[in-house]
**Q** 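Sharing a structure below in structure tokens format, with a few things to ask.
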Protein chains: 2
Amino acid sequence: MVMKVEKISELTIDRLSVYLRCLDFLTNNGVKQISSQELAAQLNLNSAQIRKDLAQFGEFGVRGVGYSVGKLRDCLKHILGIDRLHKIGIIGAGNLGMAIAEYEGFFGTNYSVVALFDSDIEKINKTTKRGIPILDVKDLAEEIKKSSIDIIVLGVPASVAQSVLDQVVAIGIKAVLNFAPMQFYVPEGVKLKTVDLTVSFDSLSHSLVANEHEIG
Amino acid sequence: MVMKVEKISELTIDRLSVYLRCLDFLTNNGVKQISSQELAAQLNLNSAQIRKDLAQFGEFGVRGVGYSVGKLRDCLKHILGIDRLHKIGIIGAGNLGMAIAEYEGFFGTNYSVVALFDSDIEKINKTTKRGIPILDVKDLAEEIKKSSIDIIVLGVPASVAQSVLDQVVAIGIKAVLNFAPMQFYVPEGVKLKTVDLTVSFDSLSHSLVANEHEIG
DNA sequence: AATTGTGAATTCCTTCACAGCC
DNA sequence: GGCTGTGAAGGAATTCACAATT
């Protein structure tokens, strides 16, 4: 019953995911051993960063040798909690919801989209091309329990996003991926990750004019 | 001909976009004046942060009073380069490309999706529901010039993403939004922003198991 | 000899706290 | 009095550089 007191930053966690993907790639190419140096070169970052990130969870390497690709991969999967299967439910069977449901490659063996939810009578009880059912959002609570959904994707318009989020939280969901470009209230213990495409585009726009402005 | 020497961080730029959205909202609600304090409260952040972010670009406020919502909004639009219209081209007319092309609300008056590109003969020369044309990716260079496309969205599988990116860069595009979960080589002067959903899901997964691990 | 794991140094980002101004 | 703009302080993240280890 030991507590890890050090708080691990989001930046570290996100990099672990990137390391893991790289290790998957190396595994497929038959690479068995790798140094932080080589891994860093592939990912365009500093080798000390990789070692520091890993050090927060234990000692996975061998001095003078490096890391076993397979072993490190298993460790990262465990740390990230993808040594088990997560069940994803998507609310909003519009283009965005469909895109995520169907997008190949996102969900190897770690994630499975089990259902979409919508209130549009035209969509309910149909399925996606891959056969994922589209259900009535009224049955959300029931279905979350029945199918053990543990991650919800919010693909609904900003205008209703907070109220849908509140529902989902009330049901007991602890992890939500949101695409609505807005501010939310989320209670303690619930993780909300927002993918804000507006911000991404604005950032690109800025980069396009940044030079002009500087030589203004 | 004065150069701004201070480099402005991505974090600052991303926040400016968030401030702008909030100001848009305030404008719609008839609010004319706001203090950094009030703005910070709405966005769950520190008022000094807002003032510091803005200070990097000039003095937009009035001491003792606050900021004019309309004026600050215009200034932010100019800084972010969205006081002009950007033309977006989407490569890959799959679910993801379609979702972005059709997604309401992303593209107010600042962005316009002018075309999608694909190599699938079944899709070429059709249009999206909203009437955006799907063109042959072979005509990419020509169309980018003809339509003054300045932002490209990569909605293609990871396996071909680097080669498509190379093409796009060769044509002279300087801003790319990418959804393929992978590492890229990008030359100096080209801004590549990656939205990596794998990382987002892994981060959610981690949050679900983090507690268990800590009380291991 | 090579590479990890890590304290120290550095760089970057955020927050404090207050002078300056309306 | 109230709020901005900002130097100084504090905190976080990254990188350096080297002792420890195989």
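Chain A is the first sequence line, chain B the second, and so forth, proteins listed ahead of strands; every chain is numbered from 1.
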**Q** Tell me: CD1 of A:I50 to P of D:dT15, nearest whole Å?
**A**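 It is 11 Å, rounded to the nearest whole Å.
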
**Q** Using a 3.5 Å distance criterion without hydrogens, assess whether the side chain of A:S205 forms a donor-acceptor pair with backbone atoms of B:L80.
**A**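 At least one qualifying donor-acceptor pair exists.
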
**Q** Rounding to a whole Å, what distance do you find between A:L43:CG and D:dT15:P?
**A** 13 Å

**Q** Could you tell me whether the side chains of B:D166 and B:Q162 share a donor-acceptor contact shorter than 3.5 Å?
**A** yes

**Q** Could you tell me whether the side chains of B:K193 and A:S203 share a donor-acceptor contact shorter than 3.5 Å?
**A**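 There is such a pair (donor and acceptor under 3.5 Å, judged by atom type) between the side chains of B:K193 and A:S203.
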
**Q** Which part of the nucleic acid does B:S36 contact within heavy-atom distance under 4.0 Å: base, sugar-phosphate only, or nothing?
**A** sugar-phosphate

**Q** Could you check how far CD of A:E38 sits from P of C:dA2, rounded to whole Å?
**A** 13 Å

**Q** Could you tell me how far apart B:N46 (CG) and D:dT6 (P) are, to the nearest whole angstrom?
**A**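 In whole Å, D:dT6 P and B:N46 CG are 16 Å from each other.
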
**Q** Any side-chain to backbone donor/acceptor pair from B:Y111 onto A:F201? Under 3.5 Å, distance only.
**A**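 Yes.
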
**Q** Provide, to the nearest angstrom, the distance between the CD atom belonging to B:Q56 and the P atom belonging to D:dT4.
**A**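 Result: 17 Å.
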
**Q** Using 4.0 Å as the upper bound for N to carboxylate O, is an ion pair formed by A:K174 and A:D150?
**A**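 A salt bridge is absent here (no side-chain N lies under 4.0 Å from a carboxylate O).
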
**Q** From CG of B:L45 over to P of C:dC16, roughly how many Å is that when rounded to an integer?
**A** 12 Å

**Q** Tell me: CG of A:L39 to P of C:dT3, nearest whole Å?
**A**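 Roughly 13 Å, once rounded to whole Å.
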
**Q** Could you tell me the separation between the CD atom of B:Q37 and the P atom of D:dT4, rounded to a whole number of Å?
**A**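 To the nearest whole Å, that distance equals 8 Å.
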
**Q** Using a 4.0 Å heavy-atom cut-off, write out nucleotides 5-13 of chain C from 5' to 3' as B (base contacted by protein), S (sugar-phosphate only) or - (no contact).
**A** BBBB----S

**Q** Look at A:E59 together with A:R51 and state whether they make a salt bridge at an N to O cut-off of under 4.0 Å.
**A**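 So A:E59 does not pair with A:R51 through a salt bridge.
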
